[in-house]
Amino acid sequence: CQSRGYKYFAAFRARRSRRSWVIFYKHGHQHRLVFKKFLSNYHASYRQYPTKIVFDNDGKNISSGVAAECADHGVKTGTVGPGGEEGNPAESLILALERKARKYMNDAPHLGEGLYVEAVRCADYMINREPNIQNFRHRSPYHIEKGVPPRTSHYLTFGCKVWVHRKYDSRMKQRKHKMAAAAVEM
């Protein structure tokens, strides 16, 4: 996942709605900062902290800083033993993100590997808005959380050519600039 200097990403999934969050980071020692960012995002979405966080790999990835962060916010921790894709929701999310991002990159070979991070972000955005067979009435995580289906009229194919209007600037006339759609603005 080396794009823009990022080497790692952490994936989180809410148990009830199956909403996912992906946070990229550059250094392996940044676990605590990544976890703080996730807790902040979760709190902004739900106005509360999660009651329990389950870590994969039998808790081998839980650093003392992450454990302290959980304790500071009253979050219980647990672990999931190795059980393959079926028994480990974190691994299945990571595999789904990677498959979808690889498909986006293969469908747009003209973009090059430099936009892999954007492909993963786009995959996460789409996973949160696609119907999920495990959810009630096959609803998307977005639909479960917001109560309405997501709008789809703004979706574009990853890597397609688009025109972007830049706002008028007194130094230059307003012009259209050609770019490739690589990221989804949330």
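- Residues Leu115 and Tyr155 fall within the same hydrophobic cluster, defined by Ile, Leu, Val, Met, Phe, Trp and Tyr side chains chained together at heavy-atom separations under 4.5 Å.
- Here the CZ atom belonging to Phe24 is positioned 13.5 Å from the CD atom belonging to Gln30, to the nearest 0.5 angstrom.
- In this structure, the separation between OG on Ser140 and CE on Met126 is 10.0 Å, given to the nearest 0.5 Å.
- Arg19 and Ser45 are linked by a side-chain donor-acceptor pair at a separation below 3.5 angstrom, with hydrogens and angles left out of the test.
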Evaluate the criterion side chain to side chain contact (heavy atoms under 4.5 Å, CB included) for residue pair Val162 and Leu156; output intermediate values, then yes/no.
CA-CA 9 Å; Val162 297; Leu156 296 172; 3.6 Å; yes

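- Taking CD1 from Ile94 and CZ from Arg13, the interatomic distance works out to 10.5 Å, rounded to the nearest 0.5 Å.
- Residues Tyr46 and Leu39 fall within the same hydrophobic cluster, defined by Ile, Leu, Val, Met, Phe, Trp and Tyr side chains chained together at heavy-atom separations under 4.5 Å.
- A single hydrophobic cluster is not seen to contain both Tyr142 and Ile144; linkage of ILVMFWY side chains at heavy-atom distances under 4.5 Å, directly or through other members, places them apart.
- For the pair Arg16 and Phe136, the minimum side-chain heavy-atom distance is 4.5 Å or more.
- One distance of note links CZ of Arg18 with CG of Asn132; it measures 5.5 Å at 0.5 Å rounding.
- Applying the ring-ring contact (aromatic ring centres under 6.0 Å, His included) criterion to His138, with sequence neighbours excluded, gives no partner residue.
- Closest approach of Lys26 to Tyr8, counting heavy atoms only: O-CE1, 3.7 Å.
- Residues Val34 and Ala10 come closest through the heavy atom pair CG1-CB, 3.7 Å.
- Residues that satisfy the salt bridge (Lys or Arg N to Asp or Glu O under 4.0 Å) test with Lys146, not counting sequence neighbours, are absent from this structure.
- Ile53 has its side chain out of reach of Val66: every pair of non-hydrogen atoms, C-beta onward, lies at least 4.5 Å apart.
- With values rounded to the nearest 0.5 angstrom, Tyr25 atom OH is found 12.5 Å from Tyr6 atom OH.
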Check the pair Arg102 / Glu113 against salt bridge (charged side-chain N to carboxylate O under 4.0 Å, His left out), numbers first and verdict last.
CA-CA 10 Å; Arg102 278 283 136 223; Glu113 288 296 314; 3.4 Å; yes

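- Between the side chain of Asp124 and the main chain of Leu97, no donor-acceptor pair closer than 3.5 Å is present.
- Across all non-hydrogen atoms, the minimal contact from Ala101 to Ala123 is N-CB, 4.1 Å.
- Under the 6.0 Å cut-off for aromatic ring centres, Phe12 and Trp21 do not qualify, their centroids lying 6.0 Å or more apart.
- A search for side-chain contact (heavy atoms from CB on, under 4.5 Å) contacts involving Arg47 returns nothing, not counting sequence neighbours.
- Remark: Cys70 SG to Arg32 CZ distance equals 10.0 Å, nearest 0.5 Å.
- Inter-residue side-chain proximity for Leu111 and Phe158 is flagged as met; some heavy-atom pair is nearer than 4.5 Å.
- Side-chain N/O atoms of Ser20 and Asn128 include a donor and acceptor closer than 3.5 Å.
- Closest of all the heavy-atom pairs between Pro141 and Glu130 is CD-O, 3.7 Å.
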Test side chain to side chain contact (heavy atoms under 4.5 Å, CB included) on Phe9 and Glu98 and set out the steps.
CA-CA 11 Å; Phe9 73 86; Glu98 295 224 337; 3.9 Å; yes

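- Between Gln48 and Tyr42, the shortest heavy-atom distance links the atoms O-CD2, 3.3 Å.
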